[in-house]
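Everything on this sheet refers to the single structure shown next.
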Amino acid sequence: MPEYPEMEAWRRQLHDPVSAFRIAKAGPAHIATLKTYDPPLTALEGRRFEGAERRGKRLLFPTEDGELVLLVHLMTAGRLKYLGAGETGPKTPAFRLEFEGGPHLVLTEAGAKKRAGVWLLTPEHAEAELEHLGPEAYGIGAERLAEICTGESRRLHSLLRDQRALAGIGRAWANEILHAAQLSPYALTKELTPAEIGRLAAAIDSELARGLELRERGAKDDRAYRIHRKLGEPCHVCGTPIAQVDFEEHTIYYCPECQTEGRVLKDRRLSRLLR
Ligand SMILES: [Zn+2]
């Protein structure tokens, strides 16, 4: 799933083009993609977006008259693309907006499952829709992060991915951040020392900024990630092969030398079965 670096890179790319022209035609949208019906999509026609905003992993397109907000959540496989006048796009996108003069914005989704969503909301309803999200991960700072960590005892990897605790990080960048902070994915939030929380806050900012810079230059996953999905490849810091462990519904990648004092993390699903 796209996380802060990917979403923020797209937001920056879309900001100017989506606000350049009025919306000529809103829709059609796949029935599973459009999550709201009131106000209808056609309410967007004739209006102009103010630009593109982002909250966590969601993109927001408020209209310049302040009356409506188009909210987009791409989930795992959704992609947004801005096509200039005359540029041909996919025949049946999940959602489509056409601007005056011909450019259009299309949402496509790979695979049969339609999980990405589009909501057309009033600003009040948009606020309610985003209310459950925790503070933005980027720029969180050690003080605020310490409050979040001491609030409940959680495994660190799980806390970082929890959008209610901290918004914008998912499984890939959690792996990158924990490696940069030299912390175990299994470390318990309440047991972190102030120095460790300081390292984690610094790693959140440095890794998300590194990711954003790479994504803005068009880097693919293989170059953006140094730990995520790098099983067996040498750690870029110490040369130890990157290890993986299956945890809950996904896989965590880590360096045993840099992060767990040489310990190999056990597959918790398996150990549960054997207990
Ligand atoms: Zn290492």
Side-chain angles (χ1 to χ4, degrees), residues 1-9 57 137-142 144-146 148-150 153-162 165-272:
M1 183 183 292
E3 303 175 27
Y4 169 87
E6 295 77 33
M7 296 310 303
E8 181 59 21
K57 301 175 188 173
Y138 184 73
I140 187 75
R144 193 105 188 258
L145 187 61
I148 294 167
C149 285
T150 50
S153 191
R154 305 267 302 268
R155 303 266 176 206
L156 214 39
H157 199 278
S158 153
L159 178 95
L160 288 181
R161 288 183 292 109
D162 183 348
L166 211 55
I169 300 171
R171 57 191 67 174
W173 289 100
N175 287 330
E176 302 296 321
I177 288 164
L178 288 172
H179 180 270
Q182 297 173 284
L183 290 168
S184 167
Y186 282 8
L188 290 168
T189 52
K190 276 194 175 174
E191 292 173 3
L192 295 180
T193 65
E196 287 173 331
I197 288 179
R199 286 210 312 265
L200 183 59
I204 288 173
D205 284 359
S206 64
E207 281 303 298
L208 295 182
R210 180 178 72 83
L212 173 57
E213 202 209 319
L214 285 166
R215 294 303 195 185
E216 281 203 278
R217 287 196 271 131
K220 302 271 182 258
D221 289 359
D222 195 47
R223 252 190 76 222
Y225 303 143
R226 301 189 288 199
I227 310 300
H228 184 66
R229 295 208 194 108
K230 300 288 184 184
L231 178 67
E233 292 184 30
C235 164
H236 67 94
V237 174
C238 73
T240 303
I242 298 297
Q244 74 170 43
V245 58
D246 292 314
F247 184 60
E248 290 165 1
E249 79 290 5
H250 65 282
T251 301
I252 290 173
Y253 296 84
Y254 67 102
C255 170
E257 185 63 31
C258 292
Q259 292 175 259
T260 57
E261 295 164 333
R263 281 195 313 272
V264 170
L265 299 177
K266 294 238 176 63
D267 179 338
R268 302 187 69 80
R269 299 175 309 172
L270 189 63
S271 52
R272 212 175 301 146

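Reckoned from all heavy atoms, side chains included, excluding hydrogens, waters and symmetry mates. Computed from a prediction, not measured in an experiment: that's the story for all the values here. Every number for a ligand or one of its atoms is a count from 1 in the order of the listing.
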Checklist line | Pair Asp221 + Lys230, salt bridge at N-O below 4.0 Å | finding: no

Item checked: Neighbouring protein N, O or S atoms of the Zn ion (ligand 1) [cut-off: under 2.8 Å, no waters] -> Cys235 SG, Cys238 SG, Cys255 SG, Cys258 SG

Notebook entry, point to check: Is it true that Glu207 and Arg226 have a side-chain N and a carboxylate O under 4.0 angstrom from each other?
Noted result: yes

Item checked: Residues Glu176, Arg210: salt bridge by 4.0 Å N-O rule -> yes

Item checked: Heavy-atom pair with the smallest gap, counting every atom of Pro5 and Gly211 -> CB-C, 3.5 Å

Notebook entry, point to check: Using the ring of each side chain (for Trp, its six-membered ring), is Tyr253 parallel, tilted or perpendicular to His228, with breaks at 30° and 60°?
Noted result: perpendicular

Next item on the list: Locate the shortest heavy-atom distance separating Gly170 from Lys57; write the atom from each residue and the value.
Entry: CA-NZ, 3.8 Å

